[in-house]
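Residue numbers run from 1 in the order of the sequence given.
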Amino acid sequence: MSITRIGVCTMNQFAMDFNYNLQNIIESIEICKRKQCLYRVGPELEVCGYMCEDHFLESDTVTHCWEAVSEILLHTDNIVCDIGMPVIHKSVFYNCRVILLNKKIHLIRPKIYLADDGNYRESRYFTPWSKEIEELELPTFIQKITGQKCVPIGVAILQTLDTEIGIEICEEMWTPIPTSASQALDGAEIILNSSGSHFQIGKIKERTELFKDITKRNGACYAFCNLRGCDGNRLYFDGCSCIVLNGKVFAKSDAFSLKDVEVTTCDIDLQEIRNIRINIKSRSLMASKQKHFPRIKLHINLTQQQNYVYYRDIPIQYESEVEDSMACYLWDYLRRSGASGFMLPLSGGVDSAATAISVFYMANKIFKTISTIDDDYKSHHKVLIQLRQIVQDDQFCPKSPQEIVNKIFFTVYLGTQNSSPDSKHRSQLLAEQIGSQHYEVNIDDICNACLSAIKPIVKEDPQFIVNGGTLSEDLALQNIQARSRMIITYLLAQLTPWNNGIQGFLIVLGSSNLDESLRGFLTKYDCSSADINPIGSLSKNDLKELLDFCYKTFQFSALKLILEAKPSPELRPLTAEGHVSEKDMELTFDELETFAKLRKVQKLGPVSLYKKLRYLWSDISPKQVAEKVKKFFKFYAINRHKVVSITASFHAQSYSCDDNRFDFRQFLYNWRWPWQFQKIDENSE
């Protein structure tokens with residue numbers, strides 16, 4: 001038997017925080033050594049962080065990475081260290097892996113296919129490698145450590161004394177012909193993929209199936225190493241690194257964990273790979289024709305004489321991936337922002353309840369982590385230390401998640417004469433059950449003061465429609481309530497720490513959902529305007545499923561009441577009949593979710609979307625479908641400007657309407673869509 005052990009290091013990295021990243025890299029190397037791993041692989045661009053974005057264009061970023069490598073080199077005795085960082089070669093920026101062993105640099109491996117779709121813009125910063133092996137001159141201070149003036153840069157297979165290793169970087173795995181497939185055909189038995197793969201609903205399963213398929217077809221060991229945590233932007237990197245052998249998952253890291261560093265490893269019998277390959281004759285034919293990759297020799301033997309531990313195929317299933325990812329994202333955001341906690345306007349509706357329960361879920365995850373007694377005590381204690389720093393209490397030892405929530409989460413019910421007793425009760429009950437410090441503020445005086453200020457200008461007092469006013473008057477009266485809530489929320493966010501005798505500030509959380517943002521059914525600069533919006537890329541149906549899951553998990557009766565209540569912004573007099581969101585929007589939440597998916601995921605314009613829905617909605621007439629499609633695109637065009645200034649949202653769905661980095665479209669339209677709507681009308685006839 002030829003047994004080898006690879007250390008796959010899932011790490012929480014933070015863009016441009018070189019001290020934090022270096023500390024985690026060195027810790028991961030030491031853990032690998034303790035676990036008797038002879039090869040350590042880390043995530044993509046781990047030295048500087050993946051989400052540096054335009055900082056990648058600064059030569060300082062590359063210089064600081066080399067400075068970090070100068071310290072990492074001191075820890076590379078008898079272990080291969082595979083490190084991710086940007087590199088400049090001939091005045092061109094490349095996204096690279098740097099291979100270290102025994103205080104030497106043996107290869108710099110640049111990425112050959114860049115990620116440029118969805119949330120990724122790699123070609124803005126990097127250039128894909130398209131050359132043969134060249135020589136790169138090292139910085140002077142690195143030369144003094146390694147004794148090398150130049151090192152090879154390019155795509156090659158690592159050749160140890162007993163096996164061959166192929167290197168793949170993130171996007172290369174997703175291409176029609178993955179680099180790993182070509183390297184495996186040319187003899188690489190182990191494929192190492194370093195990635196910055198963000199969380200999106202269903203993506204973990206999709207990734208894992210790719211690894212299983214590649215290794216089952218080719219016979220190989222595939223080690224996937226991913227980032228973990230919020231790296232400074234809207235994305236959460238889920239971790240979930242894994243080791244797959246011949247189509248079976250043998251080991252995996254925790255997908256949603258608060259650990260800064262986690263090393264996943266298992267025993268791999270290379271002979272199993274060789275046996276599989278010999279018996280796949282079609283593979284042998286393809287391998288005989290495969291283009292040869294250059295070899296970089298490493299003077300190390302990766303196989304070890306040890307007892308072989310057999311691993312069974314591990315299923316990868318996550319029932320609560322949305323809740324877990326949001327909780328981890330909020331924790332990273334809180335501990336890195338320097339804030340003392342969160343502030344949320346709690347309305348008693350589904351959206352704000354979903355945001356509130358996400359904070360509780362975060363507290364519950366923190367509580368479970370610090371209460372766990374196992375071999376990883378150091379990681380758990382680090383979380384407790386960080387929590388104590390946030391609450392500014394060195395002796396804080398919570399006995400429940402609610403105690404954590406009570407220290408870091410503040411909610412406020414901002415009522416008016418149009419608010420119902422039921423929504424007030426639901427808010428109060430939910431705050432009580434999750435443990436937040438809850439306030440109640442009536443904002444009628446603020447709204448009336450605003451109306452009094454403009455009284456000399458307007459010809460008469462504006463009225464709601466129910467009282468004989470026009471639509472313009474009605475909307476203005478609704479919006480002044482909504483915008484006043486934002487002002488009071490931020491005022492409380494700044495004064496609450498001072499009022500409680502602690503230092504710092506509170507992060508204001510938003511609670512506008514994807515459907516309403518896409519439709520534009522929100523007031524610009526109301527409570528949707530916040531510092532961060534955890535639920536902004538989730539549909540109303542997603543949020544209801546989230547609340548239902550949390551109700552079944554925690555048995556909070558307030559969640560059941562919220563799910564049963566009819567959605568309403570409560571901005572009109574309570575005497576107004578049928579004032580529910582779907583009636584005001586003129587489209588249902590189910591319809592909006594369908595529009596969102598077809599528009600973004602399938603990239604359908606108005607006419608193609610109509611043609612698709614004619615078959616999906618065959619229970620209504622083509623003219624009715626046409627009217628719904630035209631109505632959606634009319635509202636979308638009129639309100640698109642709201643998305644430009646909307647609060648940054650945690651990314652969770654493939655059909656998010658986030659204008660800042662995911663869904664790039666104009667914000668000024670001819671809302672009549674004359675050409676497109678004419679084609680729809682012609683088709684519907």
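By the 30° and 60° cut-offs, the orientation of the rings of Trp129 relative to His89 is tilted.
With Lys103 contributing its side chain and Leu100 its backbone, the two residues share no donor-acceptor pair below 3.5 Å. Ser537 places a side-chain N or O within donor-acceptor distance of the main-chain N or O of Ala652, the cut-off being under 3.5 Å. Remark: side-chain polar atoms of His106 are paired, donor with acceptor, to backbone N or O of Leu101 under 3.5 angstrom. With hydrogens and angles ignored, the 3.5 Å screen pairs a side-chain donor or acceptor of Gln143 with a backbone N or O of Leu138.
For CZ of Phe664, the number of neighbouring non-hydrogen atoms (other residues, nucleotides, ligands) closer than 6.0 Å is greater than 12. The environment of NZ in Lys297 is sparse: at most 12 heavy-atom neighbours from other residues, nucleotides or ligands sit within 6.0 Å. Surrounding NZ of Lys205 are at most 12 heavy atoms belonging to other residues, nucleotides or ligands under 6.0 Å away. For NZ of Lys33, the number of neighbouring non-hydrogen atoms (other residues, nucleotides, ligands) closer than 6.0 Å is greater than 12. Residue-environment remark: CD1 (Ile177) stays at or below the threshold of 12 foreign heavy atoms within 6.0 Å. Environment of CD in Gln666: crowded, with over 12 heavy atoms of neighbouring residues, nucleotides or ligands closer than 6.0 Å. Applying the 6.0 Å contact sphere to NZ of Lys611 captures no more than 12 heavy atoms from other residues, nucleotides or ligands. Within a 6.0 Å sphere centred on NE2 of His292, heavy atoms belonging to other residues, nucleotides or ligands number more than 12.
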Would you give me the side-chain donor-acceptor pairs under 3.5 Å for residues 66-73, sequence neighbours excluded?
unit_1	atom_1	unit_2	atom_2	d
Glu67	OE1	His64	ND1	3.0
Ser70	OG	Glu67	O	2.4

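Ring centroid separation for the pair Phe199 and Phe256 comes in under the 6.0 Å cut-off. Taking the ring centroids of Tyr236 and Tyr329, they lie at or beyond the 6.0 Å cut-off. Taking the ring centroids of His198 and Tyr120, they lie under the 6.0 Å cut-off.
Within the cation-pi definition used here (under 6.0 Å to the ring centroid, within 45° of the axis), Lys679 does not qualify as a partner of Tyr610. A cation-pi geometry, defined here as NZ or CZ lying under 6.0 Å from the six-membered ring centre and within 45° of its normal, holds between Arg336 and Phe14.
Nearest heavy atoms, Cys328 versus Ser257: SG-N, 4.0 Å. Minimum heavy-atom separation, Tyr20 to Asp17: N-OD1, 3.2 Å. Minimum heavy-atom separation, Ile25 to Arg40: CG2-NH2, 3.9 Å. In terms of heavy-atom proximity, Val41 sits nearest to Cys225 at O-SG, 3.5 Å. When every heavy atom of Val263 is checked against every heavy atom of Gly7, the shortest pair comes out as CG1-CA, 4.1 Å.
Sorted by first then second residue, the salt bridge (charged side-chain N to carboxylate O under 4.0 Å, His left out) pairs that include residues 165-183, not counting sequence neighbours, are Arg109-Glu172.
Glu164 has a carboxylate O that lies under 4.0 Å from a charged side-chain N of Arg295, or vice versa, which qualifies the two as a salt bridge. By the 4.0 Å N-to-carboxylate-O rule, Arg599 lies close enough to Asp663 to be salt-bridged with it.
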message: Apply salt bridge (charged side-chain N to carboxylate O under 4.0 Å, His left out) to residues Glu189 and Arg277 and explain how you reach the verdict.
response: CA-CA 10 Å; Glu189 297 177 323; Arg277 290 183 172 184; 5.2 Å; no
Exercise for review: Start with the C-alpha gap between Arg228 and Asp332, add the side-chain angles, then the distance that decides, and say whether salt bridge (charged side-chain N to carboxylate O under 4.0 Å, His left out) holds.
Suggested key: CA-CA 10 Å; Arg228 171 185 287 155; Asp332 277 351; over 6 Å; no
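With sequence neighbours excluded, the residues forming a salt bridge (charged side-chain N to carboxylate O under 4.0 Å, His left out) with Arg97 are Glu46, Asp82, listed by chain and number.
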